[in-house]
Structures are given as structure tokens and as C-alpha cells.
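To keep things clear, I will list the structure first and then write my remarks on it.
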Amino acid sequence: MKKIAILTSGGDAPGMNAAIRAAVRYAIYVDMEVIGIARGYQGLLDEQMYNMDMRSVADIIQRGGTILRTARCPEFVTKEGQKKGVEILRKNDIDGVIVIGGDGSFMGAKALSELGIPTIGIPGTIDNDLAYTDYSIGFDTACNTILDAINKIRDTMTSHERFSIIEVMGRHCGDLALYTGVGGGAEIIIVPEHKLDIEKVCEKMRDSKKRGKMSGIILLAEGAGHAHSLAEEIKKHGEFSIRSSVLGHLQRGGSPSMKDRYLGTNMGVYAVKLLEQGIGNRIVGIRDNKFYDMDIVEGCAMKKEFNIDLYNLAGIVARNNMITIGN
Ligand code: ADP
């Protein structure tokens, strides 16, 4: 291949820039031209493209977000939109595309591949909800951001002898809550993979109070409930002093962690290597610390397994023997 394009799509994630930088620099190293497409598939349909050189990716590895910007594009879900995209790519002599995003973006990558433009997907989402890869770019940084928030909230909860519900992102996937619940020593972790039982939560808080522990952190994944309404429900019991915080978009930003820069750099290069060989319709992942690639449809069809061992372990090591809430 002589000329490839790269775009970021869907929700942004810290470390996307590391992937862009590595893909651009490796492509230039193997004598390919690289076109940056701004604003995801929308930018493709609007022909928002520019040439990328070594310097266009300088000073970005440490930046959160994506220099290419991102967007959601309903038109690209349609066959007409996809065909229009392929025409634009052909008109610009683009032989292959790299898409950094989540499972929705991968469906767009699949469509491009099927219409004759080999396309490779790189997993970029803080949610870590893609089953085929152990980690996606952005998850680690988001975990560290959440841990920082837990530490700060815990300070004030301890001082005031209060419980706090902290709601984190993750959509239908509980990984952000689970991993940061373990790392942050949360007393209770509530994830969408297990049914929420408010009575059980209250029971655990009651046990804790009986043992003289008046404060604690309840980590709640957004897919399992809402912090403010859960706090109101618990307040109705009249026994607990409780507050709630929704961390929101601060989880998406920030300078990427070492791990996300490492994932981004390796996956960016890996994707170009596939295109170099004319291979498309693949997604890049990491499994047991090894980078690998697999078919987009197969990879997206995989059902994510909840890390039940970690969930159980969280219950065992939670302070004062408070355990995670499951069914
Ligand atoms: P993510 O990639 O983070 O999962 P979305 O699900 O919002 O984010 O998808 C991002 C974009 O990918 C959508 O706005 C759309 O342009 C494209 N996309 C999503 N689903 C499809 C699909 N089934 N076919 C083609 N393109 C799609």
C-alpha cells in the first residue's frame, strides 16, 4: 500500500494520540503516505482530510483526547453513507484505513473492508467493554483518574463519618468500577453484571456501623444504577449519612498513563504492518500480554466475560469484611 488514512471515532480515550503518532511515524518509516481524517466518519463524508508528516504528530504523546477529533455519524451507518465514504477514499487514492474507536466504530471499519478498502480497528475506549482484547486504550488512564477521585473523596468521608457513592462510567461493562474498586479499596462495588440489591447494600453498611466503621466508599458502575437516586433510596432507611458523586467526563480526559501510551504505540504500529501486507477487516488487541489481531466480525461477536475471580477477591479484601454485592 502507498497511501493510508487514519481516523478516531466514537468516544475519545487517552492514548489515542499515542496510537496516531506511532501509526503515522511507522507508515512514513516504511514509505507510505498518511492522511489524517478529522472528526471520524463524519469528517470522511465531509472530506476533512489533511496530509500528516513526522511533525504533525510531534508533542502529542502526552496529550489526552485525540488531535484528529472525533464525532458520531449516523449517515455512515447507512449503505449509501458507506459507499460515499469509499468513493471519497478512492478519489483521494487511499488504499487502506485505520480506525481507532469502540465496537460501533469497528462496524464502520468492517463496512469499509467489505466495500474494498482494507481497514484495521484499534480499540480505543475507556470502558474496556471489548471482549476480544484484555485492555483497550484509555482504560488504564481512566482507572488512575478514578483512583485519584476515590482517594480524595475518602479523605472527607472519613473526616465526616459518611458513606459516599461514586458513580463511574463503563456503560454496560463493570470493569471501571471493578478494577478501581479493588485498587481503591472500596467497601462495596456495584456492577451491571450483577443485580443491584439495595437491601443488601444497607445490610452491609449496617454491619459496618455495628463494627464501629462509620464511613466508606460504594463504587457504582453507571450501567448498574445512578448515584443520586441510590443515595436517596438508602437515605430512606434513615440510618446512614450518605453522599453521592458522579465523576462524569473527567474520566475521559487527562494525560495518558504509561500503559496507554504503550498500548497505543504498539497497536498503531501493528495496524500499519497489517495494511502493509494488504490485510484488512481485522482488529488489533492484546491477550496475555501479546499483541495479536483477529477478524472484526468474530472479535465483535465475542461476549465479554466478567472477571468473577477479581470480584470475589474484592469482597474478601474489602475493609472490615464488607463484601461486594452480587446475586
Ligand atoms: P464507539 O465506536 O465508541 O462504540 P459509537 O457506537 O457511537 O461509538 O460508534 C461511532 C460511530 O461508528 C457511529 O457514529 C457511526 O458513524 C459508526 N457506526 C456505528 N455503528 C455502525 C454500523 N453498524 N455500521 C457502520 N458504522 C457504524
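In listed order, ligands and their atoms are each counted from 1. Nothing here was measured: the structure is a model prediction, and the numbers come from that model.
Closest heavy-atom contact between Val182 and Ala314: CG2-CB, 3.7 Å. Listed here is the closest heavy atom pair of Leu176 and Ala142: CD2-CB, 3.9 Å.
Looking at ligand 1, you won't find any N or O of Ala71 less than 3.5 Å from one of its N or O atoms.
Ranking the protein heavy atoms by distance from atom 16 (O) of ligand 1 puts Cys73 O, 2.7 Å first. The protein heavy atom nearest to atom 11 (C) of ligand 1 is Ser9 OG, 3.5 Å. Among protein heavy atoms, atom 19 (C) of ligand 1 sits closest to Gly104 O, 3.1 Å. Closest protein heavy atom to atom 23 (N) of ligand 1: Met107 CB, 3.4 Å. In terms of protein heavy atoms, atom 8 (O) of ligand 1 is closest to Gly10 CA, 3.5 Å.
Here side-chain hydrogen bond (donor to acceptor under 3.5 Å, both in side chains) pairs that include residues 284-295, with residues two or more places apart or in two chains, are Asp134-Arg287, Tyr270-Asp293, Arg282-Asp293. Contacts classified as ring pair (Phe, Tyr, Trp, His ring centres under 6.0 Å) and involving residues 68-106 (residues at least two apart or in different chains) are given here: Tyr41-Phe76.
Ligand 1 places these atoms under 4.0 Å from at least one heavy atom of Gly108: 25 (C), 26 (N), 27 (C).
When each of Lys204, Lys213, Lys209 is tested with Glu187 by the rule salt bridge (Lys or Arg N to Asp or Glu O under 4.0 Å), just one qualifies, namely Lys213. Each of Ile242, Ile165, Val201 was compared with Leu230 under the side-chain contact (heavy atoms from CB on, under 4.5 Å) criterion, and only Ile165 meets it.
Residue-ligand proximity: Val77 is placed with a non-hydrogen atom under 4.0 Å from ligand 1.
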